Number of protein chains: 2
Amino acid sequence: MREVLLGKVTLQSIADRVGVSRMTVSNAFSRPDQLSAQLRERILAAADELGYVGPDPAARALARGRVGSVGMLLNGALSEAFEDQVSAEFVASVADELARRGLALTVLTPPKDEAFVPARDVAIDGALVYTCEPRSAGVEWLSRRGLPVVAVDQDLGDSVPGVRVDDRGGARLAAQHLLELGHRDIGILGLGLRGEDGTLHHSDSFPSRQRMAGWSETLADAGVEPVVALAPYEPRGVAQGVARTLLETSDVTAVLCFSDVFAHGVVLAAEELGRTVPGDLSVVGYDDSPLAAANRPPLTTVRQDITAKGHLAAGMLADLLVGGAAESQLLPATLVVRDSTAAPRA
Amino acid sequence: MREVLLGKVTLQSIADRVGVSRMTVSNAFSRPDQLSAQLRERILAAADELGYVGPDPAARALARGRVGSVGMLLNGALSEAFEDQVSAEFVASVADELARRGLALTVLTPPKDEAFVPARDVAIDGALVYTCEPRSAGVEWLSRRGLPVVAVDQDLGDSVPGVRVDDRGGARLAAQHLLELGHRDIGILGLGLRGEDGTLHHSDSFPSRQRMAGWSETLADAGVEPVVALAPYEPRGVAQGVARTLLETSDVTAVLCFSDVFAHGVVLAAEELGRTVPGDLSVVGYDDSPLAAANRPPLTTVRQDITAKGHLAAGMLADLLVGGAAESQLLPATLVVRDSTAAPRA
DNA sequence: GGCGCGTACTTTACCGGTAAAGCCGAAAGG
DNA sequence: CCTTTCGGCTTTACCGGTAAAGTACGCGCC
C-alpha cells in the first residue's frame with residue numbers, strides 16, 4: 001500500500017496491474033476456490049500495494065442483488081423505543097444474531113419528511129417490524145418492495161411470519177395471581193397512546209391488546225371489574241403521575257401493569273402516598289426487565305425471554321433471505337413471583 | 001398497481017410505457033423540477049400502475065456514490081453496549097438526528113469471522129466510532145476505506161474529529177466533592193476489561209482513562225491514596241460482587257464509580273453488608289443515567305448530556321458527508337449532588 | 001491416441017440507476 | 001426580426017461489481 005492514487009482503485013486497475021481479467025480479481029476476493037492460490041497471492045499483494053480495500057459494497061450489492069443488511073422498523077422516535085431496557089435488549093440480541101449470520105442491522109425510523117422514507121429508500125434485504133402500531137406506512141412500503149418481513153410482537157396477517165409472545169396467557173397468569181392472593185379491587189395501568197388532540201387512548205399494538213385481553217377476561221371470570229388507567233410510553237415520570245391519580249381516586253389494593261417501568265412508577269407513587277408495597281398495595285409488572293429484579297421491593301412480573309425472541313426473529317429473517325420458509329412462533333410467558341405482591345390487608 | 005409483472009419493474013419499463021426516456025422517469029422521482037408537473041403526473045401514475053416502488057436503493061447508491069446510511073462501530077457484542085441505558089440513549093439520539101438529516105443508521109458489530117467484516121463490507125457513507133478500545137480493527141478498516149469518521153468518547157488522533165466529554169473534569173468534581181465532605185478513605189470502582197486469561201485490567205478506553213486520571217490526580221493532590229477495584233462491563237451483578245469485596249477488604253467511607261450502574265451495585269453491596277448509604281458509605285456514580293435519579297437513595301453523580309452528545313456527533317458526521325469541515329468538541333460534565341453522599345461518620 | 005474431465009482463467013452480459021452535457025422549440029430582449 | 005435564454009426532455013457515459021457460460025490446456029484412461 002505505497003502508491004498515491006489519482007483514480008479510484010477498482011478491480012479493473014488491479015487486473016491491469018497483474019495482467020489478468022477483472023473477473024479473476026473479483027474471484028480472488030469473493031471466491032478463492034476459483035483460482036490458484038499462487039495467483040491469488042499475487043493479486044492480493046497487488047491490491048494491497050494499490051491500497052485496495054475490497055470490493056465496493058454498493059456495487060456488490062447491485063450486482064449480487066443482496067445488500068447484506070436488514071432493517072428494523074420502529075415507529076416512534078427511536079429514543080422512545082429505548083426508553084425501556086427491554087427494547088434495547090431486544091435490538092441488541094437481534095443485532096448479535098444477525099452478525100452471526102453475516103448480516104448488519106439498519107435502523108429504520110419514521111420519516112421526518114416525504115423526501116427520505118427509510119422503509120422505502122434504504123437498501124436492505126429484508127426487515128423486522130417492531131413496536132409498530134398495526135397500520136404503519138412503513139410496513140406498507142416494505143411490503144410494496146416485496147421484501148421478506150418478520151413481524152415481532154404483532155400480527156401482520158397470515159402471510160407475514162412473526163415471533164410473538166403469549167402475552168395474553170402471561171397477563172392471565174398475572175391476574176390469576178392477584179385473585180389467588182385475595183385481591184378484588186384491582187387496577188390496571190395499561191399502555192396509552194397520545195392522540196392528535198393530546199388525549200390518551202388504548203394502544204392498538206399487539207402486546208397492549210393481548211395483555212389487556214388476558215387481564216380483563218381473567219378478572220371478568222372472577223366477577224371483578226378492574227379500574228383502568230393508561231400511561232403513554234414517552235415522557236419519563238408520567239407513568240408515576242398517572243399511577244398516583246389511580247391510587248388517589250380509587251381504592252384498589254393491587255395494580256397490574258403493562259411494563260416493569262410502569263410498575264416501578266406505581267411503586268414510587270404508592271410511596272409518595274405513604275403506602276407500602278406489598279403491604280398496602282400489590283404491584284405486578286411485565287417483561288421481567290433488569291429493573292424488575294433491581295426494584296425495591298423486587299417486582300413480581302411476567303417474564304418473557306427477550307433475548308430468545310431477538311435471536312429467533314433474526315434467525316427467521318435470515319432463513320427467509322436464503323430462501324427458507326419461516327413459521328410463526330409463539331413464545332411462552334411465565335409468572336415470576338417476587339416481593340411486590342401479597343395478600344390484601346384484612 | 002394492477003398488473004402482475006413478469007420482469008422486474010425498472011425505470012426503463014416505465015419509460016417505455018409512457019414513451020419517454022429513462023432519464024426523465026428518473027427525474028420524475030429524484031428531481032421533480034426537471035420536468036413538467038403534467039408529465040410527472042403521468043409518469044407517477046404509470047409507475048403506480050406497474051407497481052413500481054421507487055428507485056432501487058442499491059442501484060441508486062452505486063450511481064450516486066452515496067448510500068444514505070452511516071455506520072456506528074461498536075466493539076463488544078451489542079448487548080454489552082446496551083447493558084447500560086446510557087449507551088442505548090446515545091444510539092437513539094444519534095439515530096434521531098441522522099433521520100432528521102436524511103440518513104439511516106447501520107450497526108457495525110465486531111466480525112464473527114473473516115468472511116464478513118461489517119466495517120469493511122457494509123455499504124455506508126461514513127461512521128461513528130463508539131465504545132471501542134483504541135486499537136480496533138474496525139477503525140482500521142474504516143480509515144482504509146477513506147470514509148469520514150467521527151470519534152465519540154475517544155481519541156483517534158488529530159485527523160479524526162470527535163465528540164468528547166470532559167470526563168477528567170467531571171471526575172475531578174466528583175472526587176473534590178467527597179474530599180469536601182471530609183472523606184479520606186476513598187475507593188474507586190473503575191472499568192475493567194477481561195483479558196484473554198480472564199483477569200481484569202484497566203480499560204484503555206478514553207472515558208476510563210480520563211475518569212481515572214481525574215479521580216487520581218484530585219485525590220493525590222489532597223494526599224489521599226484511593227483503593228482501586230475494577231469491574232467488567234458485561235455480566236450483570238458482577239459489579240455488585242466486586243463492590244462487596246471492596247467494602248469487605250478495606251475501610252473506605254466513600255466510593256467513586258465509573259458508572260451509575262456500578263454505583264447501584266455498590267449501594268446494593270453496602271446494604272448486603274448492613275451498611276446504609278449515605279450514612280455509612282457515600283457513593284458517587286457517573287453519567288446521570290435514569291437509574292441515578294430512580295435509585296434509592298438517588299445517586300450523586302456526574303452528569304453528561306448524552307442526548308446532546310448524540311445529536312452533536314450525528315450532526316458532525318452528516319456535515320462531513322456534505323463536504324463540511326468538522327471541529328472536535330468537548331462537552332462539559334457537571335456534578336449532580338443527590339442523596340447518596342454525605343459526610344463520613346465521626 | 002482420441003475421449004472425457006477437471007482446473008484455471010476469460011468473455012459476455014448484465015445489475016438499475018444518475019450526472020452532465022446536448023438538443024430543440026418557444027418566450028424574452030435589444 | 002434575429003439573438004439569447006431557458007424550460008423540458010434526450011443522449012451519452014459511466015458507477016464497480018458478479019453470474020454464468022465459454023475456452024484452453026494438461027492429464028489419466030481404456
Side-chain angles (χ1 to χ4, degrees), chain A residues 5 7-44 46-47 50-68 115 120-125 145-147, chain B residues 5 7-44 46-47 50-68 115 120-125 145-147:
Chain A
L5 289 319
K8 186 173 225 163
V9 190
T10 66
L11 285 186
Q12 188 64 63
S13 60
I14 298 170
D16 294 346
R17 171 73 161 252
V18 180
V20 296
S21 74
R22 177 170 39 143
M23 195 62 229
T24 298
V25 179
S26 171
N27 282 332
F29 283 96
S30 307
R31 294 158 67 175
D33 57 317
Q34 297 296 299
L35 35 54
S36 67
Q38 184 189 0
L39 177 56
R40 185 171 130 96
E41 276 313 310
R42 278 177 51 213
I43 292 176
L44 261 34
L50 291 168
Y52 186 70
V53 186
D56 180 281
R60 174 181 268 185
L62 178 58
R64 293 226 257 229
R66 292 178 293 113
V67 174
R120 180 191 44 169
D121 301 327
V122 172
I124 46 175
D125 295 325
R145 284 172 73 175
L147 291 173
Chain B
L5 290 317
K8 185 174 226 164
V9 190
T10 65
L11 285 185
Q12 187 65 62
S13 60
I14 299 170
D16 294 346
R17 171 73 160 254
V18 180
V20 295
S21 75
R22 177 172 37 140
M23 195 62 228
T24 298
V25 180
S26 171
N27 282 333
F29 283 97
S30 307
R31 296 158 67 176
D33 56 318
Q34 297 296 299
L35 37 54
S36 67
Q38 184 189 2
L39 177 55
R40 184 171 130 95
E41 276 314 309
R42 279 176 52 214
I43 292 177
L44 261 33
L50 292 168
Y52 185 70
V53 185
D56 180 279
R60 172 181 270 186
L62 179 58
R64 293 227 257 228
R66 292 179 293 112
V67 175
R120 178 189 40 159
D121 300 329
V122 172
I124 46 175
D125 295 325
R145 284 173 72 176
L147 291 174

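Source: prediction; values computed, not measured. Just so it is clear, the values below take in all heavy atoms, side chains as well, and ignore hydrogens, waters and symmetry mates. Here is how names work: the chains are called A, B, and so on, in the same order as the sequence lines, proteins then strands, and each is numbered from 1.
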Exercise for review: For residues Leu147(B) and Ile124(B), determine if any side-chain heavy atom of one lies less than 4.5 Å from a side-chain heavy atom of the other.
Suggested key: yes
Check your understanding: Leu35(B) and Ile43(B): which non-hydrogen atoms are nearest, and at how many Å?
Key -> CD2-CD1, 4.0 Å
Practice item. Kindly determine whether Leu39(A) and Thr24(A) satisfy side chain to side chain contact (heavy atoms under 4.5 Å, CB included), including the steps that lead there. Key: CA-CA 9 Å; Leu39(A) 177 56; Thr24(A) 298; 3.8 Å; yes
Could you go through residues 56-67 of chain B and list every donor-acceptor pair under 3.5 Å that involves a side-chain atom there, pairing it with any protein atom two or more places apart or in another chain?
unit_1: Asp56(B); atom_1: OD1; unit_2: Ala58(B); atom_2: N; d: 2.9
unit_1: Asp56(B); atom_1: OD1; unit_2: Ala59(B); atom_2: N; d: 2.9
unit_1: Arg60(B); atom_1: NH2; unit_2: Ser30(B); atom_2: OG; d: 2.8

Point to revise | Summary of side chain to side chain donor-acceptor pair (under 3.5 Å) pairs that have at least one residue in residues 31-41 of chain B, sequence neighbours excluded | key: none
Revision key, fill the gap. Outermost contacting nts on DNA chain C, any atom under 4.0 Å from chain B heavy atoms, listed 5' then 3', are dG16(C) to dA20(C)
Exercise for review: Output the residues of residues 21-37 of chain B in contact with DNA chain C, where contact means a heavy atom of the residue under 4.0 Å from an atom of the strand; sort by number or write none.
Suggested key: Arg22(B), Met23(B), Ser26(B), Ser30(B), Arg31(B)
Revision key, fill the gap. Rounding to the nearest 10°, end axes of the helix from dG1(C)-dC30(D) to dG30(C)-dC1(D) built from five pairs each make an angle of 40°
Point to revise | Donor-acceptor under 3.5 Å (Arg145(A) side chain, Arg120(A) main chain) | key: yes
Review point. What's the spacing between Leu44(A) CG and Phe29(A) CZ if we round to 0.5 Å?
Key: 5.0 Å
Exercise for review: Could I get the full list of side chain to side chain donor-acceptor pair (under 3.5 Å) partners for Arg22(B), not counting sequence neighbours?
Suggested key: Gln12(B)
Point to revise | Nearest heavy-atom neighbours spanning Ser13(B) and Leu50(B) | key: O-CD1, 4.2 Å
Study note, to complete from the structure: In this structure, CG of Asn27(B) is separated from CG of Leu11(B) (nearest 0.5 Å) by 10.0 Å
